Number of protein chains: 2
Amino acid sequence: MASDSTELVTFFVISDSAGETATKLAQATMAQYPSVEFNLFRRTFVTDKETLLNALNDALTEQAIVLHTLINQELIDTARTFCDENELFSFDIMTPPVAEIERRTGIQPTRQPGALHLLNENYFKRIKAMEFAVKYDDGKDPRGFLEADVVLLGVSRTSKTPLSLFLANKNLKVANLPLIPQAHIPKQLWEVDPKKIVGLTNDPDILNSIRKERMRSYGLNPDTAYSDIEKIRAELDFANDLYQKLGCVVINVASLSIEETASLILNALELEDHSYYGTESSETSD
Amino acid sequence: MASDSTELVTFFVISDSAGETATKLAQATMAQYPSVEFNLFRRTFVTDKETLLNALNDALTEQAIVLHTLINQELIDTARTFCDENELFSFDIMTPPVAEIERRTGIQPTRQPGALHLLNENYFKRIKAMEFAVKYDDGKDPRGFLEADVVLLGVSRTSKTPLSLFLANKNLKVANLPLIPQAHIPKQLWEVDPKKIVGLTNDPDILNSIRKERMRSYGLNPDTAYSDIEKIRAELDFANDLYQKLGCVVINVASLSIEETASLILNALELEDHSYYGTESSETSD
């Protein structure tokens with residue numbers, strides 16, 4: 001057992017497709033070791049034995065931790081044999097759940113690489129959702145509220161835009177509206193089902209420091225009215241007042257990341273996570 | 001071994017955070033079984049034993065396949081014991097790679113839930129990248145080209161906007177420009193390092209059918225000039241001509257999903273995937 005604070009650990013993500021699943025796992029793992037330095041190499045679209053063996057040999061040279069999501073049985077076996085023979089750590093992420101479904105249903109997996117990314121109806125819905133998010137960002141066109149699956153409201157710096165884009169990637173049509181006291185609230189908002197509306201709020205102190213930071217990053221004086229704490233409180237009061245009148249869900253994003261807020265929104269609005277569904281059957285559920 | 005074509009399989013994703021990693025794996029697995037009907041339940045932000053046991057009991061009622069990314073050792077042990085005693089299939093995704101790093105480095109993981117989503121400097125970079133993508137989408141402001149990490153060019157329906165948003169989620173500042181013959185090419189484009197430019201192209205027949213579909217979805221006549229095949233060829237010729245002059249990478253998105261195209265762009269421009277890095281050390285590498 002080595003114990004060296006300047007340790008470098010290398011990950012090799014090997015996938016027959018874009019490598020998103022294994023990359024996410026590598027990143028979640030790395031986040032558990034803030035003092036360790038990591039390299040992350042991705043070998044994607046690996047669909048033949050020769051390319052796979054090249055990737056594995058490179059991983060061996062680096063003494064890497066191999067995470068793979070291969071689905072072709074011959075490639076899975078090749079990886080297992082190679083890693084066994086060379087005592088290279090390898091984690092086969094797909095086989096356990098895939099094998100369990102085969103065991104339960106007696107149905108064979110298609111073993112088609114990139115099945116997650118099939119250009120099916122659901123995929124094109126997601127593309128449309130992403131375009132929708134850009135089109136109806138920042139209250140650009142209030143007609144979007146009536147078409148949206150989710151309407152996000154919030155004062156400046158409550159992550160409306162990134163949240164809209166993140167939820168769009170989950171096939172949800174999201175429109176957002178920045179709230180400024182005295183600003184006109186578009187009449188369409190009152191026609192939206194409150195169950196589709198999420199009011200975002202934040203702690204005044206946090207907004208204050210985020211906004212000062214933003215001013216600084218723009219090379220401006222941080223102590224402007226934009227970051228003034230009393231003004232921020234007035235903005236938040238105005239927003240919370242509107243949320244009450246609308247009767248919508250309110251989420252304080254103070255200590256939440258986009259992923260966490262998005263997850264809370266899916267739970268609160270009882271929406272399913274439709275991202276990347278590759279199957280026909282799941283497309284019928286929205 | 002059951003063999004029933006109307007089989008329903010239920011996934012329970014259990015996470016102490018937003019559940020993104022396990023959800024992705026569940027979706028990749030489901031995509032391998034297009035004929036099987038799936039339910040996917042997500043229990044997120046599970047950070048205490050009681051909530052975990054409730055989730056596991058619900059999973060047991062549904063005879064679900066449990067995928068979890070718990071990091072607290074007591075919760076991991078609780079899940080293992082419960083699933084063993086009740087013969088419930090459970091896949092612990094985080095433990096193998098986390099344990100391997102501990103074995104190699106002798107360093108303990110922080111076992112902090114949601115470490116992937118720390119609101120650190122890198123996280124705020126990603127938020128900025130998402131705002132950048134919206135601001136500089138669709139050639140709105142050519143000054144964005146000079147600040148961008150990636151400039152995407154392409155005729156209509158080559159997925160510029162969704163690609164920009166997807167890459168933004170990986171911390172890359174992306175600007176895009178739609179190409180229309182006879183349109184003005186902003187002078188800033190010639191000042192951009194060609195190594196940062198990606199020219200998107202597509203097969204004329206595919207563009208033709210996508211555009212017809214788009215016209216239909218807008219309730220318009222699909223046989224307009226927008227979908228005319230000769231016009232499409234002229235557009236693509238114009239675009240390919242420009243790509244040659246710029247000396248940029250060209251990617252044909254005809255049979256590629258956003259994830260796949262994004263992965264090819266990262267490879268072609270030798271960019272790292274910086275999404276979700278939670279560690280200090282990885283922040284220095286861009």
Side-chain angles (χ1 to χ4, degrees), chain A residues 1-3 7 9 18-21 23-25 27-38 42 44 65 67 69 71 89 91 93-94 96-98 100-101 104-107 109-110 115-117 119 123 127 130-131 134 137 161-162 165 257 259-260 263 273 276-282, chain B residues 1-3 7 9 18-21 23-25 27-38 42 44 65 67 69 71 89 91 93-94 96-98 100-101 104-107 109-110 115-117 119 123 127 130-131 134 137 161-162 165 257 259-260 263 273 276-282:
Chain A
M1 190 169 86
S3 183
E7 204 81 41
V9 177
E20 293 278 314
T21 310
T23 300
K24 207 140 207 157
L25 178 59
Q27 291 170 335
T29 305
M30 294 189 289
Q32 289 297 321
Y33 290 93
S35 68
V36 175
E37 200 181 332
F38 289 102
R42 301 178 327 130
T44 52
I65 293 178
L67 304 180
T69 51
I71 192 66
F89 178 90
F91 185 31
I93 308 170
M94 288 290 285
V98 166
E100 175 64 11
I101 293 172
R104 288 181 180 211
T105 63
I107 297 169
T110 63
L116 193 54
H117 305 128
L119 303 180
Y123 173 81
I127 300 296
M130 290 170 115
E131 291 169 342
V134 172
D137 181 47
T161 297
L165 303 189
S257 68
E259 287 78 3
E260 290 166 337
S263 185
D273 180 344
Y276 307 105
Y277 275 65
T279 61
E280 287 297 317
S281 53
S282 57
Chain B
M1 188 170 88
S3 182
E7 204 80 42
V9 176
E20 293 277 314
T21 310
T23 300
K24 207 142 207 152
L25 178 58
Q27 291 170 334
T29 306
M30 294 189 290
Q32 288 298 322
Y33 290 93
S35 68
V36 174
E37 201 181 331
F38 289 101
R42 300 180 327 132
T44 53
I65 293 177
L67 304 181
T69 51
I71 192 67
F89 179 89
F91 185 31
I93 308 170
M94 287 291 284
V98 166
E100 173 64 10
I101 293 172
R104 287 180 181 212
T105 63
I107 298 168
T110 64
L116 192 55
H117 305 129
L119 303 180
Y123 173 80
I127 300 298
M130 289 170 115
E131 292 169 341
V134 172
D137 181 49
T161 297
L165 304 188
S257 69
E259 287 79 2
E260 291 166 336
S263 185
D273 181 343
Y276 308 105
Y277 275 66
T279 61
E280 288 296 317
S281 55
S282 57

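All values derive from a computational prediction rather than experimental measurement.
In this structure, CZ on B:R104 lies 8.0 Å from CZ on A:F89, to the nearest 0.5 angstrom. The CZ atom of B:F38 sits 4.0 Å away from the CD1 atom of A:I101 when rounded to the nearest 0.5 Å. A:E20 contributes atom CD, which lies 11.5 Å from atom CD of B:Q27 (distance to the nearest 0.5 angstrom). Here NZ of B:K24 is found 11.0 Å from OG1 of A:T69. Values are rounded to the nearest 0.5 Å. Rounding to the nearest 0.5 Å gives a distance of 13.0 Å between CD of A:E37 and OG1 of B:T105. For the atom pair B:T29 OG1 and A:I71 CD1, the distance stands at 7.5 Å (nearest 0.5 Å).
B:T161 and A:E131 share no side-chain donor-acceptor pair at under 3.5 Å.
Of the listed residues (A:T21, A:V9, A:V134), the one with the most heavy-atom contacts under 4.5 Å to chain B is A:T21.
Summarising the geometry of B:M94 relative to A:A28, their closest heavy-atom pair is CE-O, 3.7 Å, with the distance given to 0.1 Å. When all heavy atoms of A:R42 and B:S263 are compared, the pair lying nearest together is NH2-OG, 3.6 Å.
Proximity to chain B involves both the backbone and the side chain of A:L25, based on heavy atoms less than 4.5 angstrom apart.
Using a 4.5 Å cut-off on side-chain heavy atoms (C-beta onward), A:T110 and B:Y33 make no contact.
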